[in-house]
Structures are given as structure tokens and as C-alpha cells.
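These notes concern the structure reproduced below.
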Amino acid sequence: MYIPAEEWIALEWWEQYPLRIEAFSRNSANIRVFALQSAAALWGIPFFGTYNDIHVLVIDGAHPRRRGGVRSHPDLGLDALQSHDGYRLTSRAQTVVDLAVSAPFEQSVAAADHVLRPDKQHGLPAIPKSALLAVADRLGSKAKFERARRVIQFADPRSASPGESVSRAYMYLMGFPQPVLQYRVVDSDGRVIGRSDFYWEDGRVLGEYDGTVKYSRNKYLKGKLPQDALEAEKNREDAMRATGRGMARWLWTDIWQSGAEPAMGLARKLRKAGLTPDPHRNIWDVTLTR
């Protein structure tokens, strides 16, 4: 299957990946059951990696293998398979549990956070932690269950974006104190002047993950011009700073930059704002892999 090169190049990698899945599905002689990152992409669950294999479940007793960018996996039967948008795939709950077992902690947290809240864009309901734990309990391995449980218990539906989820996970892994999420900032008269992504009461520090895509995509601008959105954001930040609180602000590149130690930019900005990680537990104590 083909697509004009200029159209393909203009797409982000997370927009290209579902098209690769569609192309594979259309050209496959058999009905495939998609899993892991492939199921996540089809469900609208956050996934990571600029290039991903297409992941399918083994059927008819075939052996798991990797060939031509397609990786097959045994069907563990953790949950009933489902149909969505014309595809057969693992359930949302099993997809999250599969990622929790196989993907790095920070990536798994983003997926779990996502399904704990209703997905309004795709019209899908929230999944309670109890349902995720019930699926994880069928893993048949204590080590895998503990890994999945760690992700599920840490997950929080108040994280409003994958960037916030990954940031919070790295804060935990690096030993920084855990923040309050979606903190309502009020002025001296008790009026709400803004909502901060993160807040540390002990240090009176606000934390903001700046997803710059919201200044360039129409669905985030809500009718505003990009410069107007930037000005409104600056005014909001100035008003919150005026309450006497400090602020740390970071970008996606501070938590996910090729060729750099994961989240070192985030760590520097949190330290600069006055936050200190636990000296007995820092980034070098944990294997952070992508």
C-alpha cells in the first residue's frame, strides 16, 4: 500500500503508526488480533517510541516470532478479546496490563492514567483500578503481577496528558516528593485564578508541564490565535506567581530527549525551583529505559 510521500512526511510518528497497522491489516490473509502498542494505538491509549513493531497475538498454535516489523505474542487470555473500529484487539484493560508488564514504568503509567478517566474523544468509559487489577491477577506470575500492580496503584486519573503522566512517574523514580495534582490556585481574596498541573505545599512550588502543541493545534486553541493563547497563558502564570509561590516549568524535551539521560532537564528545573530528591534514592538508583 502507498501514500504520497509529502503526506507521509507531514505526519507525526504517532499518526503514521495506525496507518501502518491499517496497511498490514488490509494485506493480511488472516484476521489479526492486535495487542500491546498496536492495540493502544487503535484504542487511543498513549504509547511511545518513534518506531514500533506491529504487535499481534499468535493464533492457531503458531510460535511467537518477529518478521518484517511484525512481532507475534502468545495469547495469555487475560481478558475477552474485543472489536473496535473494524479491528480485533485486546481489551483496553488487558492492553494496559500488557504494557505495564513489558514497557518502562513511565510509559506504562501514561497508559494507565489514560484509561482511569473517560475518553471523551473516543466515547469510551473510565476503567476502575479494581478491573485492571483483576486482569493483572490472571497473569500467572507473581513477578509480573507485582510489576503491573505497581503501575496500577501509582496511576492517577487527574493527570491530564501523557506529558503530565510521564513527568509524575519520573519524579517518583528520581526520588522527588510527590505533588498534588491539578491544584487550584487562589488569590488573597479567595478567588480561583488558575489551576496548576502540580503543586508541592512544603516548598510552595507550582509545577507546569508545557505541552506546546496546545499553541499550534486548533482543537487546543478553541478559536484563539496562537499569540493570544500564549499571552493568556503568560497572564495566568504571572497571576499565580503573584501569590508568592515559586514555579517550575518544563517541556517534553526535558523529560524525553534522544541521546540524553531521561528526565535530566526536568530534574534540573525542579532543583532550581527548590525541590530536593530523597538523597537515598535518586535517578542513578533506578534503571530508566525507553
Test item: H114 side-chain N/O and G44 main-chain N/O as donor-acceptor pair under 3.5 Å: yes
Expected output: side-chain E15 to main-chain E12 donor-acceptor under 3.5 Å: yes
Can you sort out the partners of [X] under ring-ring contact (aromatic ring centres under 6.0 Å, His included), two or more places apart, ordered by chain and number?
{"X": "F34", "value": "Y87"}
{"X": "F145", "value": "none"}
{"X": "W43", "value": "H84"}

Stepwise side-chain contact (heavy atoms from CB on, under 4.5 Å) test for L270 and W200: CA-CA 11 Å; L270 294 181; W200 292 266; 3.9 Å; yes
In Å and rounded to the nearest 0.5 Å, what is the [atom1] to [atom2] distance from [X] to [Y]?
{"X": "Q16", "Y": "T50", "atom1": "CD", "atom2": "OG1", "answer": "9.5 Å"}
{"X": "I152", "Y": "L133", "atom1": "CD1", "atom2": "CG", "answer": "4.5 Å"}
{"X": "S165", "Y": "R158", "atom1": "OG", "atom2": "CZ", "answer": "12.0 Å"}
{"X": "L89", "Y": "S38", "atom1": "CG", "atom2": "OG", "answer": "9.5 Å"}
{"X": "R117", "Y": "L124", "atom1": "CZ", "atom2": "CG", "answer": "12.5 Å"}
{"X": "I45", "Y": "Q37", "atom1": "CD1", "atom2": "CD", "answer": "11.0 Å"}

Inter- and intrachain pairs under side chain to side chain donor-acceptor pair (under 3.5 Å), touching residues 129-147, at least two apart: E146-R149
Atom CZ of R204: over 12 foreign heavy atoms under 6.0 Å: yes
Looking at the rings of [X] and [Y], which for Trp means the six-membered one, are their centres under 6.0 Å apart?
{"X": "Y17", "Y": "F47", "value": "yes"}
{"X": "Y170", "Y": "F176", "value": "no"}
{"X": "Y2", "Y": "W8", "value": "no"}

W13 reachable from I21 in the ILVMFWY side-chain graph, under 4.5 Å edges: yes
Can you pull the salt bridge (Lys or Arg N to Asp or Glu O under 4.0 Å) pairs that have at least one residue in [range], sequence neighbours excluded?
{"range": "residues 161-179", "answer": "D113-R168"}
{"range": "residues 70-81", "answer": "D53-R71"}
{"range": "residues 18-33", "answer": "E22-R26"}

Hey, are the side chains of [X] and [Y] touching, using non-hydrogen atoms and a 4.5 Å cut-off?
{"X": "P277", "Y": "R271", "result": "yes"}
{"X": "W256", "Y": "E106", "result": "yes"}
{"X": "D156", "Y": "L116", "result": "no"}
{"X": "S167", "Y": "Y209", "result": "yes"}
{"X": "V70", "Y": "R67", "result": "no"}

Residues that, via side-chain heavy atoms closer than 4.5 angstrom, fall in one hydrophobic cluster with [X]:
{"X": "V186", "result": "V192"}
{"X": "L36", "result": "L99"}
{"X": "V33", "result": "L57, L81"}

Contact list for residues 64-83, test ring pair (Phe, Tyr, Trp, His ring centres under 6.0 Å), sequence neighbours left out: H55-H73
L181 and D197: CA distance, side-chain angles, deciding distance, side-chain contact (heavy atoms from CB on, under 4.5 Å) verdict: CA-CA 6 Å; L181 305 184; D197 298 332; over 6 Å; no
Pair S196-E208, side-chain donor/acceptor within less than 3.5 Å: yes
Test item: side-chain donor near acceptor, R245 and Y183, under 3.5 Å: yes
Residues forming a side chain to side chain contact (heavy atoms under 4.5 Å, CB included) with D254, sequence neighbours excluded: W250, L251, K269
side-chain contact (heavy atoms from CB on, under 4.5 Å) between W14 and F48, worked out: CA-CA 8 Å; W14 59 84; F48 300 86; over 6 Å; no
Stepwise side-chain contact (heavy atoms from CB on, under 4.5 Å) test for L42 and T95: CA-CA 11 Å; L42 297 173; T95 300; over 6 Å; no
